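Everything on this sheet refers to the single structure shown next.
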Amino acid sequence: MYYFIINPSSGSGRGLSVWKTVKKELERLGVIYKSFLLSRGGEAYSLATGIAESKNPATVVVVGGDGTINEVVSGLHSFQNITFGCIPTGSGNDFVRGLGLHLDPIEALHAILHPSKICPVNIGNISHSGPLGLRSYSYGVSAGIGYDAAVCYSILDSKLKTLLNRFHSGKLVYLLTALWQLFTMKRQTLQITLDGDKTELFEEAYFAAAMNLPYEGGGFMFCPDARFDDDQIDLIIASGISRLEALKLLPLALFGKHVGHKGIHIIRCHQAAIHVSPAMCVHTDGEVPGFFEEVTFSLREEKLPVILR
């Protein structure tokens, strides 16, 4: 059975128009499917959980962006009998970009209906201890602590974003917020333990991000060599450089040209445990679960079968 989970508001409302096009093609082809038009946060998570718990063979298709993909993948507590597909409608689409999936909705649909290439894809895991015990979250693209998370947090309820979305200029608020955070955020010392063994201190750090795919933030190629099937995360840390130097490096990251510059560290590992005080903002695929002093990045044991072509 095909399950389509649609975020109508993704991509400044593009999600709904794309779904109408996809739905028309499904009906033309006579495909049997179920569809769910999302109306509130957390709904995609519950839907995905129910589909996984049924233990019936299912092709789960997200019509949305990275945030919706994150919520669905997080809700799939088991990948058994699950095949995953995506028809991108978001503003960033880093999951789709990183896997080289079709951007055209109809091409993406036909690949999902008649797949020629399905690959097992690593899915990230982030865990932390809190008042309610150990909590964990999934990520498909990346998870980070510090600067990139602070940008995500700042725009969650941004009135400016809502205004610019009406004119299909939502990306502008990301740029403005990124620049503001770069010059105002407090840099801190990160204590990072890799694979439960080696511990290093990174002083005056902007952020650390565990990358499952090369891109985050709508096309920044933070870890050009990150692969979705190598059972490792690529951890990037930016530390020990001035704000002006960081500003110069940021546009270079769009093309992966920041690699090798002073203050940019990329480490491949299976697990990275980070300690910082006071707590810093954390994100998973742009969603913000909170501010933590200790957090561990790793990978889920199961791989998710994803339709690539």
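All values reported here derive from a predicted model rather than from experimental measurement.
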(message) With rounding to the nearest 0.5 angstrom, report the CG to CE distance, L235 to M211.
(response) 10.5 Å

(request) Check the side chains of T89 and S10 for a donor-acceptor pair under 3.5 angstrom, ignoring hydrogens and angles. (result) yes

(request) Only one of D230, D231, D229 passes salt bridge (charged side-chain N to carboxylate O under 4.0 Å, His left out) with K303; say which it is. (result) D231

(request) Please determine which of Y206, F202, F207 meets the ring pair (Phe, Tyr, Trp, His ring centres under 6.0 Å) test together with H265. (result) F202

(request) Measure the OH-CG distance between Y45 and N70 for me, rounded to the nearest 0.5 Å. (result) 10.5 Å

(message) Please determine whether a side-chain nitrogen of the Lys or Arg among K23 and E25 lies less than 4.0 Å from a carboxylate oxygen of the Asp or Glu.
(response) no

(message) Nearest 0.5 angstrom please: K248 NZ to H261 NE2, how far?
(response) 11.0 Å

(request) Check the side chains of S242 and E245 for a donor-acceptor pair under 3.5 angstrom, ignoring hydrogens and angles. (result) yes

(request) Indicate whether any N or O donor in one side chain lies under 3.5 Å from an N or O acceptor in the other, for H128 and E294. (result) no

(request) Would you please say whether a donor-acceptor pair under 3.5 Å links the side chains of E216 and S142? (result) yes

(request) Please list, chain by chain and in numerical order, all residues satisfying salt bridge (charged side-chain N to carboxylate O under 4.0 Å, His left out) with E302, sequence neighbours excluded. (result) none

(message) I'd like to check D148 versus H283 (side-chain heavy atoms, cut-off strictly below 4.5 Å). Are they in contact?
(response) yes

(request) State, without any angle test, whether S136 and S127 hold a side-chain donor-acceptor pair at a distance under 3.5 Å. (result) no

(request) Working to the nearest 0.5 Å, report the span between CG of L304 and CD1 of I123. (result) 5.0 Å

(message) Could you check whether R268 pairs with D225 (Lys NZ or Arg NE/NH1/NH2 to Asp/Glu carboxylate O, under 4.0 Å)?
(response) no

(message) Whether the Q181 and S154 side chains hold a donor-acceptor pair (N or O, under 3.5 Å, no angle test) is what I'd like checked.
(response) yes

